[in-house]
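Quick caveat: nothing in here was measured; it's all calculated off a predicted structure. All values below were derived from every heavy atom in this structure, side-chain atoms included, with hydrogens, water molecules and symmetry-related copies excluded.
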Amino acid sequence: MPRYNPAVIEPKWQAFWDQNKTFAAPTKPAEGQAKFYALDMFPYPSGNGLHVGHPEGYTATDIMCRAARMQGKAVMHPMGFDSFGLPAEEHAIKTGEHPRVQTEQNIDTFRRQLKMLGFSYDWDREIATTDVEYFRWTQWIFLQLYDTWFDEREQRGRSIGELEVPEHVAEMGDDFARTWVDEQRLAFQSEAPVNWCPALGTVLANEEVIDGKSERGGHPVVRMPLRQWMLRITAYAERLEKDLELLDWSEGIKALQRNWIGKSTGAEVDFFIGDDFEAWKTSRAKSGYPKKAGADVLRIYTTRPDTLYGATYMVIAPEHPYVERLTTSENAEEVGKYCEAAAMKSDLDRTELAKDKTGVFTGSYAVNPVNGEQVPIWVADYVLISYGTGAIMAVPAHDERDFEFAEKFDIPIQAVIQPGKHIADEDAKKILAGKVVYTEPGVAINSGEYDGLKTDGFKKKIAADLSAGGLGREAVNYKLRDWLFSRQRFWGEPFPILHELDEDGNKTGHVIAVDESDLPVDLPHLEDFKPHGRPEPPLDKAPEEWLYPVIDGVKYKRETNTMPQWAGSCWYYLRFLDPKNGEAAVDPEIEKAWMPVDLYVGGAEHAVLHLLYARFWHKVLYDRGVVSMPEPFQKLVNQGMILGENNEKMSKSRGNVINPDDVVKEYGADSLRLYEMFMGPLEATKPWNMQGVSGVYNFLGRAWRLVVDERADKLALAGNITDAEPTDAQARTLHKTIKAVTEDIAGLSFNTAIARMMEFVNFFTKQKEVPRACVEPFVLLLSPFAPHIAEELWHVLGHRDTLAYEAWPAFEASLAQDESVEIPVQVNGKVKAKVSVPAGADKDATESAARSDAKVAELIGGKDLVKLIVVPGKLVNFVVKG
RNA sequence: GCCGGAGUGGCGGAAUUGGCAGACGCGCUGGAUUCAAAAUCCAGUGCCCGCAAGGGCGUGUGGGUUCGAGUCCCACCUCCGGUACCA
């Protein structure tokens with residue numbers, strides 16, 4: 001009767017843990033107690049429920065946490081929900097039901113499924129980003145961003161109150177100064193293009209637009225500029241890149257982030273576009289290089305200032321402010337058309353059509369500051385307005401894109417780099433003739449006084465010379481863009497921002513922040529969620545009393561954009577520490593006690609954006625004294641993807657989705673947990689295999705039978721469990737297992753830890769008697785992986801309380817190895833015999849043992865011993881001749 | 001193109017710092033138990049030759065270093081993930 005039956009014991013122990021709040025985390029770790037904060041990337045509660053990918057990472061952190069508790073650490077292990085999101089809003093539009101209703105249903109499903117898997121979360125800390133009391137503090141953090149400017153010199157964010165308004169700005173009047181200050185904030189307004197779909201009457205997210213048509217319905221989508229909120233993440237680019245050094249993340253993830261930040265170093269150079277080049281040059285030599293480019297120059301950015309002499313044309317982006325000025329009347333029509341066409345293209349179109357370069361000549365020229373030569377200026381969309389200065393010098397001989405463009409438009413190609421010796425003479429000739437592009441370093445030619453300099457030295461020298469002449473300077477650029485932080489959606493956090501209105505109800509252009517004491521700004525009641533047909537956000541439909549507050553007799557309009565889904569996930573790890581605090585986002589003492597997150601596990605799809613955004617917010621909060629450490633996530637691990645049984649990505653359309661509910665029903669949560677850990681390394685991509693689940697289920701059954709007498713009518717201890725002292729072999733098996741499992745858990749090598757426990761069970765299944773002193777520690781070792789069966793077995797073994805806080809088994813080094821080891825003896829590198837030597841035998845003992853083997857003696861007898869390698873505990877190798 | 005990761009039995013995977021390749025599991029084969037089956041237990045299982053003893057081959061490919069290479073070096077191939085005109 002008492003067969004292993006997870007359907008009975010799992011709900012029983014889950015209820016026990018719930019009722020006893022077994023896994024409640026302390027407010028702070030006790031004095032002198034080590035802490036462990038393990039965080040899972042909280043899920044978006046989709047209508048489909050939990051996916052088998054979720055429990056993978058969640059089980060890994062749960063094992064770490066359960067082991068850490070048994071090792072005496074204070075453990076923080078919370079869970080919550082990233083619950084704002086498009087699907088709930090779409091459902092609301094269709095049905096008229098408030099998105100909160102469906103969101104909460106989905107959360108209930110997720111919570112039930114998570115509890116069903118036996119994770120040791122402190123559920124009293126559960127938060128959802130859609131909780132008003134949570135997003136109150138998301139709004140509060142936005143206000144910190146709004147109240148912060150970035151001091152370039154000190155490289156840190158400071159309160160806007162500490163920003164000194166320069167004289168030349170103050171002179172322009174209060175209004176001007178106020179706008180100037182607003183432009184320095186980390187949260188600022190700007191015009192940015194959105195995907196407006198007139199037919200649907202709504203703005204679409206990028207992923208809802210396919211080939212310029214709406215995903216739903218296939219209606220045309222146009223790009224139009226809209227007032228938006230931006231966050232100045234670019235100010236922190238340098239620190240976001242540099243501080244990666246502090247983190248215990250895989251090199252791959254760090255590289256991904258570095259790549260995204262995209263730091264490059266080079267030079268800015270001004271090309272004169274006026275009449276008297278010599279006079280300009282003389283004045284620049286005196287005045288130096290101005291911070292802002294004047295109207296008399298075209299400022300470019302290049303990473304290859306050593307190719308300045310090879311600049312045969314220039315390109316400005318279609319959106320460059322000088323386009324009109326630089327276009328001569330005879331080119332006006334063509335340039336105008338070109339820029340218009342470019343504006344219509346989405347970013348995607350621009351890059352997808354990248355194969356064929358396009359552009360038009362403006363009719364104007366700039367002067368190359370190093371040699372006074374006239375260089376024609378073109379407009380082309382392969383130059384992006386959002387990077388560098390939006391203008392380049394084109395060096396077709398040494399840049400692939402410029403080369404392609406020059407060939408197409410028949411622009412001269414002037415080589416200025418002699419290729420290195422690794423290039424064949426014939427190829428070098430073609431390069432020098434401008435027939436082939438060469439982008440690697442080399443030696444300067446056709447570069448006046450710089451001829452003969454190597455690329456690296458040239459770069460340094462010319463940067464210094466340009467700087468001395470006031471013509472340029474060293475410069476750094478980042479690919480990272482400022483963060484478009486507003487969405488035209490209902491189901492998101494409202495911005496705590498008010499726009500001042502004049503008497504006619506028009507915006508004056510001034511905005512004020514909602515007072516902290518007036519937070520949260522809750523979402524208004526709407527009659528329905530249907531689009532109102534204008535590009536403005538849906539909150540424009542809100543009732544007057546929400547939309548138009550009056551403060552001190554001044555009427556305001558609330559900001560109607562909402563925040564993107566990223567916002568809530570940027571700081572949830574802080575709120576978990578102090579989820580009920582009504583006075584602060586997180587208590588500083590508590591924050592200090594628990595941060596940073598010691599282990600953060602989640603999918604690689606968040607390797608760039610989520611982690612970059614969260615790190616950015618954290619740094620701002622750090623600068624403003626809200627948190628105590630520069631980085632939030634000390635160690636990061638990305639779990640690998642789980643594929644379907646056919647080795648393809650799991651998806652409904654492929655029909656290969658595995659539902660955790662079904663697996664639990666058939667095998668139990670412990671088997672699901674164990675299987676997901678046994679499949680392979682946590683970080684690897686691996687296919688599902690139901691027979692594998694049955695394999696670990698079988699193992700749990702064997703472990704069960706080791707302790708429980710299956711043939712008894714009631715739950716009873718197996719008859720061969722004794723209080724006898726373990727035999728030497730039994731003790732060694734136990735201690736080896738403890739050592740291996742302990743070390744494997746520390747190294748996140750769960751698959752091998754499970755293999756070691758299987759070996760333990762295989763060994764003891766064959767023993768006539770099983771000492772309690774062996775099986776009890778084993779149950780404790782098993783408990784982080786398969787907690788329900790472990791609790792039940794612990795109970796059967798006669799213990800009253802949960803094993804969650806039992807001391808982790810210790811091993812004795814001398815017992816954690818075999819008494820003697822068998823080592824291979826090689827002759828000329830081939831294994832010819834195996835000899836047994838005592839563990840820890842030294843070199844001489846090992847060698848004589850090898851020599852005394854009959855077969856070895858025969859093989860080496862009478863031959864010259866050329867070399868002898870003896871590695872104690874490993875092998876012996878006789879290298880002989882003759 | 002660039003960046004990152006990975007290629008090991010029929011399958012998932014293991015192998016500390018260069019030291020017995022294939023732990024553990026699945027699958028397969030045989031056996032015990034059973035009237036029979038399920039369940040359970042035991043044994044075997046990289047490939048090739050051989051009745052066997054034994055021998056040969058073997059970690060994507062080709063070279064190299066070494067007494068010894070899955071592991072280190074060089075050149076390449078394939079697959080997966082990310083990214084893409086970033087000057």
| query | Rounded to the Å, how far apart are A:E822 CD and B:rG19 P? | reply | 18 Å
| remark: Paired to B:rG27 by Watson-Crick or G-U wobble criteria (both distances under 3.5 Å) is B:rU45
| Base, sugar-phosphate, or nothing: which does A:N762 touch, judged by heavy atoms less than 4.0 Å apart? | sugar-phosphate
| message | Parallel, tilted or perpendicular, judged at 30° and 60°: which one describes the rings of A:Y322 and A:H320? | response | perpendicular
| request: Pull up the glycosidic torsion of B:rG46 and say syn or anti, syn being anything within 90° of 0. | output: anti
Protein-nucleotides 67-74 of chain B N/O pairs closer than 3.5 Å?
unit_1: B:rC67; atom_1: OP1; unit_2: A:K867; atom_2: NZ; d: 3.1
unit_1: B:rC67; atom_1: O2; unit_2: A:N877; atom_2: ND2; d: 2.6

| said: Applying the ring-ring contact (aromatic ring centres under 6.0 Å, His included) criterion to A:Y675, which one of A:W688, A:F785, A:Y697, A:F750 satisfies it? | reply: A:W688
Polar-atom pairs under 3.5 Å, protein N or O versus N or O of nucleotides 28-34 of chain B: list them with distances, or write none.
none

| query | If you measure from the C1' atom in B:rA87 to the same atom in B:rU17, how many Å do you get, rounded? | reply | 45 Å
| query | A:E238 and A:Y478: side-chain donor and acceptor closer than 3.5 Å? | reply | yes
| C1'-based separation of B:rU59 from B:rC47 [nearest Å] | 13 Å
Atom pairs under 3.5 Å, N or O on each side, protein against nucleotides 37-41 of chain B: can you list them with distances?
unit_1: B:rU40; atom_1: OP1; unit_2: A:N698; atom_2: OD1; d: 2.8
unit_1: B:rU40; atom_1: O3'; unit_2: A:R705; atom_2: NH2; d: 3.4
unit_1: B:rC41; atom_1: OP1; unit_2: A:R702; atom_2: NH1; d: 2.7

| said: Listing request: all side-chain hydrogen bond (donor to acceptor under 3.5 Å, both in side chains) pairs with a residue in residues 602-613 of chain A, at least two apart in sequence or in separate chains. | reply: A:Y600-A:H610
| message | Please name the nucleotide paired to B:rU59 by Watson-Crick or G-U wobble geometry with both distances under 3.5 Å, or report none. | response | none
| Mind checking the C1' distance from B:rG46 to B:rG81? Whole angstroms is fine. | 31 Å
| query | Is there a donor and acceptor pair, one atom on the side chain of A:K874 and one on the base of B:rC20, closer than 3.5 Å? | reply | no
| Complement of B:rU33, any strand, by Watson-Crick or G-U distances under 3.5 angstrom | none
| query | Between B:rA87 atom C1' and A:K357 atom NZ, what is the distance in whole Å? | reply | 12 Å
| task | State whether A:F405 and A:K357 meet the cation-pi test: NZ (Lys) or CZ (Arg) under 6.0 Å from the six-membered ring centroid, and within 45° of the perpendicular axis. | result | no
| Is A:K843 salt-bridged to A:E847, cutoff N-O under 4.0 Å? | no
| field | Nearest-angstrom distance, P atom, B:rU16 to B:rC72 | value | 11 Å
| query | Looking at A:W260, does the NZ or CZ of A:R615 lie under 6.0 angstrom from its six-membered ring centre and within 45 degrees of the ring axis? | reply | no
| said: Using atom C1' in both nucleotides, what's the gap between B:rC80 and B:rG62 to the nearest angstrom? | reply: 24 Å
| said: Applying the Watson-Crick and G-U wobble criteria at under 3.5 Å, what pairs with B:rA21? Answer none if nothing qualifies. | reply: none
| remark: Pairing partner of B:rA38, by Watson-Crick or G-U wobble and under 3.5 Å for both distances, is none
| Charged N to carboxylate O below 4.0 Å: is that the case for A:D853 and A:K832? | no
| message | Is a donor from one side chain sitting under 3.5 angstrom from an acceptor on the other, for A:D402 and A:Y382? | response | yes
| field | Toward the 5' end of RNA chain B, by each residue's nearest nucleotide, A:P681 or A:K855 | value | A:P681
| note | From CD of A:E400 across to P of B:rC85 the rounded distance in Å is 14 Å
| request: Indicate whether the side chain of A:Y387 and that of A:S264 have a donor and an acceptor atom separated by less than 3.5 Å. | output: yes
| field | Same-atom distance (C1') from B:rA75 to B:rU65, integer angstrom | value | 15 Å
| query | Atom CD1 of A:I721 and atom CG of A:L706: how far apart are they, to the nearest 0.5 Å? | reply | 6.0 Å
| request: Please list, chain by chain and in numerical order, all residues satisfying side-chain contact (heavy atoms from CB on, under 4.5 Å) with A:E822, sequence neighbours excluded. | output: A:K834
| task | Report the base-pairing partner of B:rG70 (Watson-Crick or G-U wobble, both distances below 3.5 angstrom), or none. | result | none
| field | B:rC28 to B:rG9 separation - C1' atoms, rounded to the nearest Å | value | 13 Å
| task | Scan every strand shown for a Watson-Crick or G-U wobble partner of B:rU78, both distances under 3.5 Å, and answer none if you come up empty. | result | B:rA6
| Is A:D306 salt-bridged to A:R304, going by a charged N under 4.0 Å from an acidic O? | yes
| task | Output all residues satisfying side-chain contact (heavy atoms from CB on, under 4.5 Å) with A:E769, sequence neighbours left out; order by chain, then residue number. | result | A:T722
| task | Have a look at A:S264 and say if it touches a base, only the backbone sugar-phosphate, or nothing, with a 4.0 Å heavy-atom cut-off. | result | sugar-phosphate
| field | Pairwise C1' distance for B:rC26 and B:rA14, with rounding to whole Å | value | 15 Å
| remark: Taking B:rG81, B:rG25, B:rA23 as options, the one with an atom nearest any side-chain atom of A:M758 is B:rG25
| query | Taking atom P of B:rU16 as reference, at what distance in whole Å does atom CG of A:D744 sit? | reply | 12 Å
